[in-house]
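Single-structure report; data block below.
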Amino acid sequence: MTKPDQFMFAARRGLVRVAPLILFGLIWHTICTAGVVNKDFLPAPGAVAAALADLFKGGEITKNLTITLFRAAVGLILGAACGIWIGVMMARSRHFREYVTPIVGGTYSLPKSALIPLFALWFGIGNITSIAAVFLACLLPMIVNTYHGVVTTPKVLVWSAEALGTGERELWPRIFIRNALPDIFTGLRIALGFSFVLAISAEMIASTNGIGKLIFMYGENGAYDYMFAAIACMVIVAFLADRALVILTKRLLVWHESAAAELEARRP
Amino acid sequence: MNPIEVRTDAFAWRSAVSILLFIALWEIAARIQVTPVILLPPFSIVAAQLWYSTLDGTLAADLSLSLARAFCGLMLATVGGVVLGLLMARNRTIEWLVDPLVALGFPSPKIAFIPIFILWFGIESLSKILLVTFACVFPIIIGTYSAARAVSRQFVWSAVSLGSSRSGVFFHVILPACYPRIFTTFRIAVPVGLITTFTAEMVAGGGGMGATLIYSQRFFESPTVFAYIVVMLAVGLAVDAAMRRFQSRFLRWAEE
């Protein structure tokens with residue numbers, strides 16, 4: 001195929017995929033204009049779009065979104081770093097694993113948002129509470145996935161590396177961590193989802209700013225078109241972040257034959 | 001994929017030491033008042049509070065309300081998700097129609113929708129149940145869909161050549177072949193359902209574990225806050241253990 005052909009093909013495929021969303025928007029629009037439901041309960045898509053534009057112009061969205069994304073990102077990065085470290089340590093040392101496993105296993109199934117009131121008690125209202133909640137939520141999937149990835153390293157790889165003269169120290173970055181990378185990225189994708197949920201929950205429960213607070217405030221004030229606009233904005237941001245991570249993963253793990261298949265299969 | 005693995009005596013022993021050490025450290029830190037008691041009540045006081053809450057029935061009432069909401073939401077999500085997932089796998093038009101919505105809905109932080117659910121369905125149980133359904137339905141749709149797509153063609157062909165009807169193939173081949181994967185995604189959805197219930201109660205009130213937790217925090221009744229968190233942790237563990245037992249008992253025939 002020539003370049004323009006490829007472009008047309010991709011464009012048509014994109015259009016076919018987006019068409020149901022447009023259809024959905026049209027149905028939404030018709031329901032609103034036909035007056036089936038009260039306009040206060042379901043603002044028309046046009047009104048929501050206008051509200052969104054207004055929010056961008058006034059800077060409310062950009063300001064609060066930056067705050068939320070900052071909290072989510074800091075918690076995610078800290079959680080990922082510590083999680084990878086703990087996961088590797090668990091795989092390296094049997095004793096460490098035996099002491100840590102009950103705590104990891106116990107907190108793994110704890111609803112992390114239950115700790116938000118506790119953090120609010122300890123750290124007050126604001127950044128630290130949100131970041132701590134995001135951190136803890138991201139930490140556990142990272143630990144579990146990193147550990148799983150390291151432990152499942154095929155013995156053949158380790159033996160080959162050793163036979164070719166790789167030392168014990170070099171074995172870790174070269175074999176174990178590299179073998180765990182697909183799992184680490186799977187964990188990262190789960191953690192990314194958690195980071196948004198926890199950041200927004202923490203803002204709704206204990207914060208004076210951020211997009212979660214903004215959504216809740218508009219809801220309480222009855223500015224429903226603005227509330228829908230802020231939620232739509234959050235959905236789009238979360239979708240784009242998830243897509244970006246998937247694309248990054250595929251780029252970084254091209255050398256790993258099962259990377260793409262694994263990612264699709266692991267989609268829960 | 002839980003980190004729990006082969007248990008030996010030494011392992012169980014060290015695990016017990018680890019948990020006891022944690023409780024002891026907590027108790028000592030609280031008793032020598034590293035922080036004010038209001039921020040960290042000693043474990044013994046939390047345990048006593050847990051006992052009182054159990055005795056006067058508030059805990060049982062909150063817990064049963066929360067669990068009932070989570071359960072209803074999960075059931076709706078499972079039925080809806082399985083039906084939609086199977087339909088998507090069997091019918092290209094439905095697949096075309098639903099797939100973009102699922103792709104957009106799956107990564108979105110569902111808790112952000114809670115004001116909409118309050119607006120539409122009120123502050124009581126219904127809004128929470130439906131929010132749980134909304135939060136859990138996407139992973140179940142995706143899991144069922146990929147399970148149904150992965151059913152071996154040979155099974156289907158064999159059934160057809162042995163004279164199965166269309167509905168026979170569906171109910172006796174495709175659906176049973178999907179059970180293990182559906183259950184795996186259900187195991188993923190259950191913690192999501194619990195988290196969503198608790199968080200929704202915290203944000204919107206209306207009774208339940210989350211609402212009591214947040215009220216206790218507002219009145220600085222720290223022992224109650226800690227006691228409720230301990231209960232939530234226990235619930236999470238118990239539910240996960242129960243599902244693991246169910247899986248190893250009834251779905252043993254399926255390879256992981």
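The chains referred to below are lettered A, B, ... by the order of the sequence lines, with proteins before strands, and numbering in each begins at 1.
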Would B:T199 and A:I116 satisfy side-chain contact (heavy atoms from CB on, under 4.5 Å), going step by step from the backbone distance to the final call?
CA-CA 9 Å; B:T199 315; A:I116 294 171; 5.6 Å; no
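Partners of B:Q217 according to the side-chain hydrogen bond (donor to acceptor under 3.5 Å, both in side chains) rule, which considers only residues two or more places apart in sequence or in another chain, do not exist here. Considering only residues two or more places apart in sequence or on other chains, A:Y226 meets the ring-ring contact (aromatic ring centres under 6.0 Å, His included) condition with A:Y218.
Only the side chain of A:F228 comes within contact range of chain B, with heavy atoms under 4.5 Å apart. Both the backbone and the side chain of B:F113 have a heavy atom closer than 4.5 Å to some heavy atom of chain A. Both the backbone and the side chain of A:L121 come within contact range of chain B, with heavy atoms under 4.5 Å apart. Neither the backbone nor the side chain of B:Y228 comes within contact range of chain A, judged by heavy atoms closer than 4.5 Å. Using a 4.5 Å cut-off between heavy atoms, B:L233 touches chain A through backbone and side chain atoms alike. With a 4.5 angstrom heavy-atom cutoff, B:L21 does not touch chain A via any of its atoms. A:A199 does not touch chain B: none of its heavy atoms, backbone or side chain, sits under 4.5 Å away.
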Validation: residues 201-213 of chain B side-chain donor-acceptor distances under 3.5 Å, sequence neighbours left out:
unit_1, atom_1, unit_2, atom_2, d
B:E201, OE1, B:S66, OG, 2.9
B:E201, OE1, B:M209, N, 3.3
B:E201, OE1, B:G210, N, 3.0
B:E201, OE2, B:S66, OG, 3.0
B:E201, OE2, B:R69, NH1, 2.8
B:T212, OG1, B:D62, OD1, 3.3
B:T212, OG1, B:D62, OD2, 2.7
B:T212, OG1, B:G208, O, 3.1

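With rounding to the nearest 0.5 angstrom, the CE atom of B:M232 is 9.0 Å from the CG atom of A:L115. With rounding to the nearest 0.5 Å, the separation of CE in A:M234 from CD1 in B:I111 is 12.5 Å. With values rounded to the nearest 0.5 angstrom, A:L110 atom CG is found 7.5 Å from B:I229 atom CD1.
Taking all atoms of both residues into account, the shortest heavy-atom contact from A:I231 to B:A112 is CD1-O, 3.3 Å. Residue B:S18 comes nearest to A:Y99 through the heavy atom pair OG-O, 2.6 Å, listed as atom of the first residue, atom of the second, then distance.
Under a cut-off of 6.0 angstrom, the local environment of OH in B:Y215 is sparse, with at most 12 non-hydrogen atoms contributed by other residues, nucleotides or ligands. The local environment of CZ in A:F123 is crowded, with over 12 non-hydrogen atoms from other residues, nucleotides or ligands closer than 6.0 Å. Atom CG of A:L23 is surrounded by more than 12 heavy atoms from other residues, nucleotides or ligands within 6.0 Å. For A:F239, the CZ atom sits in a packed shell: over 12 heavy atoms of surrounding residues, nucleotides or ligands are nearer than 6.0 Å.
Proximity of a side-chain donor or acceptor of B:W96 to a complementary backbone N or O of A:V16 within less than 3.5 Å is detected. A distance-only check finds no donor-acceptor pair linking the side chain of B:S108 to the backbone of A:V235 [under 3.5 Å].
Checking B:L40, B:L39, B:V225 one by one against A:L118, the side-chain contact (heavy atoms from CB on, under 4.5 Å) holds for a single residue, B:V225.
Chain B is approached within less than 4.5 Å, heavy atom to heavy atom, by A:I200, A:S201, A:M204, A:I205 from residues 200-211 of chain A, ordered by number.
Contact tally against chain A (heavy-atom pairs below 4.5 Å) for B:F220, B:W120, B:F198: the top residue is B:W120. With chain A as partner, the option from B:I116, B:T196, B:L119 having the largest number of non-hydrogen pairs under 4.5 angstrom is B:L119.
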